[in-house]
Number of protein chains: 2
Amino acid sequence: MGRHEQGAEGARMGRYDQGVHADEPVTILTVAREAGVSKTTASDALRGSGRVSERTRETVVAVAERLGYVPNGSARHLRKASTGTIGLHVPEVLTRSSYYMSFVFGVVEQAARHDYDVTLITSGQRRARPPRVDGLVLGDPLGGDPVVESLMATGLPTVSCERFPGSRQADGVVWSEHALMLTRLLDHLLATGARRPGLIVAGDESDWAASVHRGYQEWCAGRGVAPLVSRVSFDATGDEVRAAARALLGRGHGAPGTGGGTPGTGGGALATGGGALARNDDTPRTGGAEVPMDALVCAPAGAATEVAPLLREAGGRVRLASCVDSAATRQADPPITAIDLRPREAGASCAELLFELLSGTAQPGTERVHPIELQIRASTAPRP
Amino acid sequence: MGRHEQGAEGARMGRYDQGVHADEPVTILTVAREAGVSKTTASDALRGSGRVSERTRETVVAVAERLGYVPNGSARHLRKASTGTIGLHVPEVLTRSSYYMSFVFGVVEQAARHDYDVTLITSGQRRARPPRVDGLVLGDPLGGDPVVESLMATGLPTVSCERFPGSRQADGVVWSEHALMLTRLLDHLLATGARRPGLIVAGDESDWAASVHRGYQEWCAGRGVAPLVSRVSFDATGDEVRAAARALLGRGHGAPGTGGGTPGTGGGALATGGGALARNDDTPRTGGAEVPMDALVCAPAGAATEVAPLLREAGGRVRLASCVDSAATRQADPPITAIDLRPREAGASCAELLFELLSGTAQPGTERVHPIELQIRASTAPRP
DNA sequence: TTCTGCTGCCGGAACGTTCCGGCAAGTTTC
DNA sequence: GAAACTTGCCGGAACGTTCCGGCAGCAGAA
């Protein structure tokens with residue numbers, strides 16, 4: 001001791017000035033001395049624990065405020081065996097999607113509200129040591145990602161956004177009703193006069209893509225529409241997506257029955273239509289296998305805007321919608337109907353669930369539904 | 001003590017299993033006991049400090065390896081008054097740009113290489129306390145951002161990507177020759193037959209935008225081209241950018257002289273052309289104020305792709321280029337000529353400079369140039 | 001011999017916090 | 001009126017690390 005005896009400090013300039021440049025660190029001992037109590041009482045008063053009279057509590061709080069006391073995180077976490085930090089993993093393949101940027105900010109914002117920091121974990125970096133965190137948020141984990149696997153093996157409390165398409169599941173899951181919302185979107189397309197909506201979607205590594213695909217298949221079965229699907233890779237380029245769209249456009253014109261067209265015309269487009277479901281004759285008004293595509297739903301982020309010019313060139317007959325809303329879809333010409341996944345709120349919801357798991361407020365195994373919204377825009381207006 | 005006497009642990013399953021689930025925390029005391037030395041010697045041996053014989057050093061290292069010893073960050077940082085974490089700020093306005101996502105990953109990757117964590121700091125969150133970090137990276141700080149101001153006031157070592165357009169400067173700066181590269185781009189446009197390239201650029205809150213604008217003006221002055229500039233807001237929507245493009249397209253057709261056209265036709269497009277520079281008669285072959293725009297350079301990320309359809313409708317006469325490369329420009333149809341800012345490497349470079357500042361290897365005031373590249377694509381091919 | 005210096009190792013304190021147990025004084029209970 | 005309980009406060013230990021100072025043992029110098 002004796003290194004800083006004065007204690008009385010007074011307010012200083014600036015916003016973070018206290019205790020940062022090391023001329024006079026304000027510890028809980030400084031506060032206690034200044035308030036005329038012991039360090040225990042000061043600690044109790046500030047954290048609302050222990051037994052402290054209201055009067056002294058107010059005094060201590062006032063003094064702490066005045067001195068600009070900021071608790072030392074390292075000391076606190078050393079004592080409490082926690083870190084005050086949560087880890088956040090987002091798959092690097094999808095870096096360019098603005099969805100993840102918003103998601104990340106949602107997590108950071110919510111964590112800040114709980115006075116937690118957020119440490120980013122990328123799939124790229126090989127980690128020599130386990131992350132120094134109290135828990136983990138996994139943003140849309142991809143099945144088979146080795147980093148995700150090892151993160152789950154840490155035993156740390158974990159929340160994933162969408163389910164993990166692997167063997168084990170996170171302690172908490174925040175998911176959205178993508179299949180249901182896609183159903184609404186498809187019904188909307190039907191209502192505007194479309195008869196045969198097609199789908200471009202990525203593979204089932206992501207729970208989200210799998211849900212979208214499943215929702216589409218079930219809707220087709222229920223409505224008696226012959227499915228028209230093209231799978232693309234997860235980080236599909238514009239060319240790949242356009243090739244898939246062209247392949248879908250080319251199908252349905254040929255002979256009815258087993259789907260016609262040339263599967264795999266370009267870019268690995270895999271057509272799955274024209275099966276038994278197309279023979280459902282109860283609802284003859286909707287699209288059988290011989291009906292050409294007159295609406296296209298693009299699942300991957302950014303795919304819809306990539307495809308838009310192609311559809312326009314093809315005559316503008318095909319309605320267009322995206323499963324991921326973004327500035328690009330909002331501002332396209334015409335604006336593109338899309339499902340707003342509300343990524344920022346999704347991130348906040350994941351962080352919140354994690355904190356509840358950490359505090360014991362929520363039980364492991366908790367699942368929460370994150371509401372999403374269908375934004376109907378001009379790209380799916382009825383065609384003249 | 002006495003809580004875990006066995007000590008000998010042996011290798012375990014999994015990758016992060018050591019010391020994470022709390023059944024048997026392995027501290028430096030465990031290692032010391034197992035190696036038959038004191039905790040001081042163990043610590044010295046592991047960190048290469050103090051005086052330890054080579055023989056015992058090897059023993060201790062081997063034991064630590066075997067037990068999977070991971071130093072407790074909180075304890076270390078409590079003792080050393082550091083945190084093992086750096087803060088990363090990116091302006092929230094620009095969240096949707098994939099540039100920042102890549103930048104962030106670059107920082108995280110480089111930090112991981114130094115065994116540092118990265119904590120995100122957003123402009124949105126109001127911070128009750130100074131961030132618990134050893135240093136800061138500011139990604140393209142905007143002038144007047146209060147969070148940036150207060151971060152700079154912390155006195156923490158700081159590196160900014162691009163200069164801070166405010167009074168004080170960060171301790172380290174990583175910047176790119178945007179003005180020079182724009183000159184190359186404009187020369188390229190001239191070489192493909194363009195006579196009057198226009199520019200859409202955001203305001204001078206960002207050093208990057210200011211550099212681009214300055215580079216354009218200087219190039220125009222040097223080449224005797226009448227400038228044709230439209231300013232948009234930093235987070236310009238597609239509509240705003242398109243309105244700016246339309247305004248630029250409308251100019252140059254009218255009476256020669258003071259620029260003609262209708263300034264501010266839509267979306268706040270502010271035209272600055274037609275001044276004294278346009279009267280430079282030494283180089284009559286290039287574009288005077290009466291020459292219509294035949295090439296358009298879009299500075300804001302994403303602006304070029306938003307404008308592309310408009311230019312196509314207008315006859316495809318106008319060449320198009322972007323100051324920010326991205327998946328969207330690469331994959332556009334036709335692919336758009338763009339400046340690749342190499343964001344991931346920029347982020348890594350910022351982090352690296354910060355670590356050198358922290359270790360004293362680099363001096364405060366260091367500036368480093370981050371190389372960028374011009375990617376020439378079909379959108380600026382010579383017109384028939 | 002004694003003094004000095006070097007090597008290899010170690011005990012203990014310190015970093016700033018939380019929390020267990022305890023102690024006076026006051027209040028209720030039987 | 002003593003026992004039991006409550007209130008308000010406190011000292012000290014502990015978290016796991018780093019580092020200062022010290023202490024033997026040995027070697028070389030005076």
Nearest-angstrom distance from the residue atom CZ of B:R51 to P of D:dA24: 15 Å
Pairwise 5' ranking along DNA chain C for A:D44 and B:D44, keeping only the more 5' one: B:D44
Report yes if at least one side-chain N or O of B:T41 is closer than 4.0 Å to OP1 or OP2 of C:dC9; otherwise report no. no
Between atom CG in A:L29 and atom P in D:dG12, what is the gap in whole Å? 13 Å
Of all heavy-atom pairs linking B:A111 and B:I86, the shortest is CB-CD1, 4.2 Å
side-chain N/O A:R47 vs C:dT17 OP1/OP2, d < 4.0 Å: no
Given DNA chain C, 5'-ward residue of the pair B:K80 and B:R57, judged by closest heavy atom: B:R57
Under 4.0 Å between a side-chain nitrogen and a carboxylate oxygen: does that hold for A:E352 and A:R368? no
Could you check which of D:dT17, D:dC10, C:dC9 has an atom nearest any side-chain atom of B:V52? C:dC9
Which nucleotide wins on minimum distance to the side chain of B:S38, given the candidates C:dG16, D:dT17, C:dC10? C:dC10
Whole Å only: how far is the CD1 atom of B:I28 from the C1' atom of C:dG12? 15 Å
From the options C:dT17, D:dC10, D:dT17, select the nucleotide whose nearest atom is closest to the side chain of A:V37. D:dC10
Just do the side chain to side chain donor-acceptor pair (under 3.5 Å) check on A:R55 and A:S53 with the steps written out, would you? CA-CA 5 Å; A:R55 193 170 139 60; A:S53 75; over 6 Å; no
Looking at the base of D:dC19, is there any donor atom on it, or on the side chain of B:T40, that sits under 3.5 Å from an acceptor on the other one? yes
Nearest to the side chain of B:T56 - C:dT17, C:dC9, C:dC10? C:dC9
Pick the closest DNA chain D nucleotide for A:K39 and for A:S53 by heavy atoms, then say which residue is nearer the 5' end. A:S53
Thinking salt bridges, do B:E149 and B:R168 make one under a 4.0 Å N-O criterion? no
Looking only at the side chain of B:R76 (C-beta and beyond, no hydrogens), which of the listed nucleotides C:dT17, D:dT17, C:dC10 gets closest? D:dT17
Correct closest heavy-atom pair for A:C161 and A:P141 would be O-CD, 3.6 Å
For B:H77 and C:dT17, give me the distance from atom NE2 to atom P, rounded to whole Å. 17 Å
